[in-house]
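Here the structure comes first, spelled out in structure tokens, and everything after it is commentary.
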Protein chains: 2
Amino acid sequence: MTVARGSETLDRVDDPDEEPRLRIGEVARVTGLTARTLRYWEEIGLLKPFAHRGSGERLYSVAERERVTHIRELQDLLGLTLAEIQDVLASEDTLERARRAARADAPTPKRLRLLADALEANGRLVDRINERLARIKEFRDECVERGDRMRARQLELEADQRRASRR
Amino acid sequence: MTVARGSETLDRVDDPDEEPRLRIGEVARVTGLTARTLRYWEEIGLLKPFAHRGSGERLYSVAERERVTHIRELQDLLGLTLAEIQDVLASEDTLERARRAARADAPTPKRLRLLADALEANGRLVDRINERLARIKEFRDECVERGDRMRARQLELEADQRRASRR
DNA sequence: ATCCAAGTTTCCGTTCACGTCAACGGTAAT
DNA sequence: ATTACCGTTGACGTGAACGGAAACTTGGAT
């Protein structure tokens, strides 16, 4: 499926509306990554650009840009490896399929099934996040407690000091 | 300073009490790491074993075993690199020095200064943790919200289905 | 005294997640 | 058409964080 649009040729055009097509440098700038990273992610099958131009130039849509930030969060905040992220996203992509099914007027039962799958994937992710949150809170509380003990000791010492200076 | 104790020879003995001396395999097992990792951490100056026997065998004390789990938490929960962890621990070690100063009957002002330093380092760490917690919570809320939207859609579809089956 | 599991050092290898450089091609505006 | 930039595909390099094998020593139980 090759469609001419202006003077440029796209290998794939699913929607004819006015969605902006981003070049790789654009996406890199707004997400704070490098083009290399985006190509690497594509290399390992983590992020497929919306389309390749005949010249090979990648074109991204807003959906991919959002996916990029999502991936970053999974990476930085949850400490997942790119492989684990692939798993997570594979589950999540069910949602995308559901949306496409909606566009395609798919039968309601099928759409419901897809939705249920997406919901389950989402639930698992939220569980993971909550688990991590709990562990970090625990760790923080330990640190805070240590701080409290140190402050108590500090007061003690200061009292000693005052007593000593009084005589 | 070499002291004979039973038939074994220690390069360094600071406390004569009954603190158990752990061998590397022991520490590895209880912390879930490998001996290789512990040696690596020593190599980069992250974790000094309490003592080396004449043969080169490492002996750890409880303090080091705790330090190991602490490092793991900084690594896994906060996603710090070993270099960053070194920084954090360098600050935190002030506390250890403070304790030693206490043992050595150091002057109170000095002990207070050490305590203040340790407190500040601790405060910075807690801040970091809180910041991270906030970001993760934000991320979780986004996910939860998405889930809510999906559930709403689900109800809608189910209603459609019921309407359709009624006629 | 002997034996072996567990320790040691040294050195080289690996995986992950990119960075970097070269050589080249296409795009956009003048 | 020229110029100034993107962008492309390799290929190789890198830093962090270890893994693994070889060759040797040691501690502790039998």
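Only this structure's heavy atoms are used, side chains among them; waters, hydrogens and symmetry mates stay out. Every chain is numbered from 1, with letters handed out A, B, ... down the list of sequences. Being a predicted model, the structure only gives us computed values, none of them experimental.
When rounded to the nearest whole Å, the span between CZ of A:Arg53 and C1' of D:dC6 equals 10 Å. Here the C1' atom of nucleotide D:dG27 and the CZ atom of B:Arg21 are 17 Å apart, to the nearest Å. Per the geometry, CG belonging to B:Leu38 stands 13 Å off C1' belonging to D:dA17, to the nearest Å. Rounded to whole angstrom, the span from the CZ atom of A:Arg29 across to the C1' atom of D:dC5 amounts to 13 Å.
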> With the sugar-phosphate defined as primed atoms, P, OP1 and OP2, and the base as all remaining atoms, what B/S/- string results for nucleotides 8-22 of chain C, 5' to 3', for protein heavy atoms under 4.0 Å?
Replying inline: BB-------BBBB--

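Under a 4.0 Å N-O distance rule, the pair A:Arg39/A:Glu43 does not qualify as a salt bridge. In this structure, B:Arg163 pairs ionically with B:Asp160, as a charged nitrogen and a carboxylate oxygen lie closer than 4.0 Å.
Side-chain atoms of B:Arg65 do not come within 3.5 Å of backbone N or O of B:Glu26 as any donor-acceptor pair. A:Glu84 places a side-chain N or O within 3.5 Å of a backbone atom of A:Thr81 that can act as its donor or acceptor partner.
Proximity of A:Glu96 to A:Arg100: side-chain heavy atoms (C-beta onward) are separated by under 4.5 Å at one or more points.
Between the side chains of B:Arg151 and B:Gln154, no donor-acceptor pair of N or O atoms lies under 3.5 Å.
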